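Just below is one structure, and these are the notes that go with it.
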Amino acid sequence: MDDTARYQAILHRDRSQDGQFLTGVLSTGIYCLPSCPARKPRFEHVRFFTSEAAAQAAGLRACKRCQPDLFYRGQPSGEACYEALRALLRDAPAAPGDVNALAARTGVSRRTLHALCREHGQTTPARLLRSARLDWAADTLLRSQDHVADIGYAAGFASEAVFHRQFRQAHALTPAAYRALGHSTHFTLSLPSAYRSEEVLAYLGRDAQGPAERRDGQQLCKAVLLDGEPFRLSLHLDGASAHCRVAGAQSPSTAQMRAAHRMALRCLGLSGQVAGFERSARQHPALAPLLARRPGLHFPLSATVFESLVWAIVGQQVNLAFAATLRRVVIELAGQPAGEGMLAHPSVAAVAALDPATLCTRQFSRSKAAYLVDTARYLLEHGIDIEQLPHWSFPAALRRLTAIRGIGPWTAQYTLLRGGGFADCVPVGDAGLTAALQRQFQLGERPKAEATQALMAPFAPWRSLATAHLWASLSDKP
């Protein structure tokens, strides 16, 4: 192919030529794939290269739109772009003033940015930007003595009132109360109106004999690891508030109190976008009746991502009662004493140190014991911090989980749902979900995988909360 033919290929954005040559644009100093969507330069401003090394040797840098550097490394460009977006927001959340500025900083159009956030974060650019600013503000509140209003402005909020309102919505605490986490062992979270505490407490205390949880009426005590140290996190719900207290062999540090606050939000389901889901559900013919039965239903997450992963593995192809029995075995063998006879759910390292043969003497099948221990060892050997899963690209998280032997689509989706808190998961193959769909749509039999996907598709982008309502509907009279 001569240069004239190459120039025609880039004019037509010919994807078949990606990898065959690169286009160097001398006027801008960048090199692109032939399929790059950017405006095309004049022929006299173009040079063609057969390799990245040649383009870089000529002093050119990779285009941010078509990302030829990622193409040649074999990394999906969308995932890399999303990771770069997250890194940008983590380091300087106030830098992009709004979504348009964020798109410009990312090097994509506003429409592409929305599609990127939808596919990889199951969120919107505005929510992602707001979340990054609130995280930065929360960190700054605990490590500095700057005035609350100054922190809000520095994070990128337009006014102190907006900062206070959005911070309280996200953290269930005012900025001042959040700052006080470093000087106390208790905090009180504000609960949304019509919050359904019974369903949440029923989920958290579903294993009545578990050594890591105890429920007594409207109070739940959960033994947890905070920065590797065992503590007891007590949650007492009185309607409008959740009174949370941390107790252990020593006083918790500021970092441990912050971790306890994060766990409380997760366990109480206060991290989800319930208001947005309910606005959408009221307009949906199938979801509206479900919502009418349980307005205010929140979706509790596990205290940690690893805890949800353990639940998912022990729960493969068994009922809830037996899954709880197997989970108790894991906690009894590897959990850390947290006082008052309770054991904190074990860490990845503690589960990795277990002998699968020991689990097999305690009702585990050989395959399930191997899957559990090998998964923990895999995470350690590959340096994977599973607690960062909520910040991963969703397709990347799904791919990384299912690459582990013994973790199939249901186990991965359940972990992303209960551990990652992603908004649009469908645990295809879940017995409870298929039973609820059969009842909801009056089907002659339980739907198989393809039919489940089709039935859940109209509920996007809120399929996680739709799943919660469908599961809850199983307790209703037919």
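Quick caveat, the model's predicted, so the values are computed rather than measured.
Counting only distance, with no hydrogens or angles, the side chain of S131 and the backbone of L128 share no donor-acceptor pair below 3.5 Å. Using modelled atom types, one side-chain atom of H147 and one backbone atom of A149 make a donor-acceptor pair closer than 3.5 Å. Between the side chain of K222 and the backbone N or O of A212, no donor-acceptor pair lies under 3.5 Å. Under a 3.5 Å cut-off, the side chain of E213 and the backbone N or O of L220 do not form any donor-acceptor pair. Between the R328 side chain and the G210 main chain, no donor and acceptor come within less than 3.5 Å of each other.
Taking the six-membered ring where tryptophan is involved, the planes of W462 and F277 are perpendicular, since the angle between them exceeds 60° and thus also 30°. Using the six-membered ring where Trp is involved, Y195 and H298 have ring planes that are tilted, between 30° and 60° apart.
With sequence neighbours excluded, no residue forms a salt bridge (charged side-chain N to carboxylate O under 4.0 Å, His left out) with R206.
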query = When you look at L235 and L201, which way does the side-chain contact (heavy atoms from CB on, under 4.5 Å) test go after all the steps?
reply = CA-CA 10 Å; L235 310 172; L201 289 170; 5.8 Å; no
request  = Start with the C-alpha gap between F364 and V330, add the side-chain angles, then the distance that decides, and say whether side-chain contact (heavy atoms from CB on, under 4.5 Å) holds.
outcome  = CA-CA 10 Å; F364 269 77; V330 177; 3.7 Å; yes
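Proximity of L181 to T254: side-chain heavy atoms (C-beta onward) are nowhere separated by under 4.5 Å.
Contact detail for S159 and Y153: the closest heavy-atom pair is CA-CE2, 3.8 Å.
Annotation: D216, atom CG; neighbour count of heavy atoms from other residues, nucleotides and ligands within 6.0 Å does not exceed 12. In the displayed structure, E450 atom CD is contacted under 6.0 Å by at most 12 heavy atoms of other residues, nucleotides or ligands. In this structure, R366 places its CZ atom where only 12 or fewer heavy-atom neighbours from other residues, nucleotides or ligands lie under 6.0 Å away.
Remark: of the listed residues R258, H261, R168, H171, R258 is the sole one forming a side-chain hydrogen bond (donor to acceptor under 3.5 Å, both in side chains) with Y178.
The side-chain hydrogen bond (donor to acceptor under 3.5 Å, both in side chains) pairs that include a residue from residues 312-322 are Q316-T411, where partners are two or more places apart or lie in different chains. For residues 412-427, the pairs satisfying side-chain hydrogen bond (donor to acceptor under 3.5 Å, both in side chains) are R118-D424, D424-R463, with sequence neighbours left out.
Side-chain N/O atoms of S475 and R294 include a donor and acceptor closer than 3.5 Å.
Under a 4.0 Å N-O distance rule, the pair R86/E79 does not qualify as a salt bridge.
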